[in-house]
Number of protein chains: 2
Amino acid sequence: MAEQTQFEELARQLSAVGVVKREVGRALPPDCPAGSAAVLTLLRRHGDMRMSKLAELLAVDMSVTSRHVAHVAAHGWIERHPDPADKRSRILCLTPEGLDELAELNRRTTRLLAERLADWTDDEVAQLIRLMTRLRTSFGDCRSSPVRLPTPASEENTRTPAST
Amino acid sequence: MAEQTQFEELARQLSAVGVVKREVGRALPPDCPAGSAAVLTLLRRHGDMRMSKLAELLAVDMSVTSRHVAHVAAHGWIERHPDPADKRSRILCLTPEGLDELAELNRRTTRLLAERLADWTDDEVAQLIRLMTRLRTSFGDCRSSPVRLPTPASEENTRTPAST
DNA sequence: TATTGTTATACTCTATAACTATA
DNA sequence: TATAGTTATAGAGTATAACAATA
């Protein structure tokens, strides 16, 4: 167990990391805010899914998820198919255009981070990733669990069907 | 230099850490949102200062700083004194009530983090703090530099005058 | 009756621009 | 003319509550 002073310091770090988030956000395309980017990223990582599952992965209320998804769908980056097993549900699927947008997102964020973290070693970045993942796990965020990564090579929309 | 895949993953971690920030935010007193908490914390850490200096430490626009400061001042947690050296400026000073509020903030955030991070070692927390600090440094955030910590024992408002 | 998803409303945080007062 | 700070406005993100459709 760590000391109290450490927890105060960690709270400050959490409060202050917003400046990095904002700068990464400013690097995104103008029509793709951070919420949309998160939707696209999670859909590629976890495959097709329902709204409720996406809300769980985003760790925000489903009403928030609904708005993000509506924005992403309006741009043609995803499609909402009816769920044959439950007519209340909608299955979210990335489109080829969504994959293109995702590639552009990754280009931009990767370029920015590579520039700013040019003097970081591979191991340091890995450690930061590991500790941030663990932090989210400790706060009960299901997104921190390992997931399958679909091969981004295929531009075809061959997502697996939603599991629930 | 780290690999591209790592940067994509780091971008995801930055996007996802919001869930932790939100939960810490929910632990704050209802009349003290995160922005106010940041103002109080920085004033204690760095001592009395002008608006422009606080905006730099917060790493947000001065208009944002002005609103946070107005909220904090309305609660009596700080006072805005005229700067004899420059009539345009205002020197921000923590009040005893502000120190009390700060103590309450620290109690709450510390309790939450101690609960959630109960299985973390002292060293792990220290490493996360170190890496997050370095991350902000790499993004040019001046707040990441080491600062003097005033003795929190005294409840008297004996801040040092602003340096600029 | 419970669950899935959407919409309306409100609040926080942020940035840009216009403005006042002073340097 | 430039700078310190405030205020108005707009936009993104979030949560709660009310709602519709379905289970």
Side-chain angles (χ1 to χ4, degrees), chain A residues 14-39 49-75 78 80-92 141 162 164, chain B residues 14-39 49-75 78 80-92 141 162 164:
Chain A
L14 284 169
S15 153
V17 80
V19 64
V20 177
K21 292 190 66 174
R22 289 196 295 277
E23 186 145 350
V24 173
R26 276 189 284 267
L28 298 178
D31 56 353
C32 186
S36 300
V39 168
M49 67 184 78
R50 312 203 308 184
M51 290 288 308
S52 52
K53 175 66 176 173
L54 180 59
E56 188 184 320
L57 291 174
L58 284 170
V60 296
D61 191 86
M62 188 148 63
S63 64
V64 178
T65 306
S66 185
R67 281 184 37 161
H68 289 328
V69 164
H71 181 265
V72 172
H75 281 78
I78 69 167
R80 287 180 280 195
H81 300 300
D83 184 347
D86 187 338
K87 290 183 183 170
R88 295 171 303 178
S89 294
R90 310 174 77 169
I91 309 290
L92 310 177
D141 188 353
T164 30
Chain B
L14 284 168
S15 154
V17 80
V19 64
V20 177
K21 290 190 67 174
R22 289 195 296 277
E23 185 145 350
V24 173
R26 276 189 285 269
L28 299 177
D31 56 353
C32 186
S36 299
V39 168
M49 68 185 77
R50 312 203 308 184
M51 290 288 308
S52 52
K53 174 67 174 175
L54 180 58
E56 187 184 320
L57 291 175
L58 285 170
V60 296
D61 192 86
M62 188 147 65
S63 64
V64 178
T65 306
S66 185
R67 281 186 37 160
H68 289 328
V69 164
H71 181 265
V72 172
H75 281 78
I78 69 168
R80 288 180 279 195
H81 299 298
D83 184 348
D86 186 340
K87 289 182 184 172
R88 296 172 302 179
S89 295
R90 309 173 78 169
I91 308 290
L92 310 176
D141 188 353
T164 31

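The shown structure was predicted, so the numbers you read here are calculated from the model rather than taken from an experiment. Residue numbers start from 1 in every chain, and the chains themselves are labelled A, B, ... in the order their sequence lines are given, proteins ahead of strands.
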Visitor: On the nucleotide C/dG5, are OP1 or OP2 found under 4.0 Å from the side-chain N or O atoms that A/Thr65 carries?
Guide: no

Visitor: Between atom NZ in A/Lys21 and atom C1' in C/dA15, what is the gap in whole Å?
Guide: 17 Å

Visitor: Return the value, rounded to whole Å, for the distance between atom CZ of B/Arg90 and atom P of C/dT22.
Guide: 12 Å

Visitor: In whole angstrom, give the distance that lies between atom CE of B/Met51 and atom P of C/dT22.
Guide: 17 Å

Visitor: Rounded to the nearest angstrom, tell me the gap between atom NZ in B/Lys87 and atom P in C/dT20.
Guide: 20 Å

Visitor: Just how far, in rounded Å, is P of D/dA15 from CD of B/Glu23?
Guide: 11 Å

Visitor: Could you go through nucleotides 7-14 of chain C and list every protein N or O atom that sits under 3.5 Å from one of its N or O atoms, giving the distance for each pair?
Guide:
| residue | atom | partner | partner atom | Å |
| --- | --- | --- | --- | --- |
| C/dC13 | OP1 | B/Ala34 | N | 2.9 |
| C/dC13 | OP1 | B/Gly35 | N | 2.7 |
| C/dT14 | OP1 | A/Arg22 | NH1 | 3.1 |
| C/dT14 | OP2 | B/His68 | NE2 | 3.0 |
| C/dT14 | O4 | B/Arg67 | NH1 | 3.4 |

Visitor: How long is the line joining CZ of B/Arg88 and P of C/dC19, in whole Å?
Guide: 20 Å

Visitor: In whole angstrom, what separates A/Asp86's CG from D/dA20's C1'?
Guide: 14 Å

Visitor: Check whether any side-chain nitrogen or oxygen of A/Arg80 sits under 4.0 Å from OP1 or OP2 of C/dT4, and answer yes or no.
Guide: no

Visitor: Is there side-chain contact between B/Met62 and B/Ser52, with at least one heavy-atom pair below 4.5 Å?
Guide: yes

Visitor: Taking atom P of C/dT6 as reference, at what distance in whole Å does atom CG of A/Leu54 sit?
Guide: 11 Å

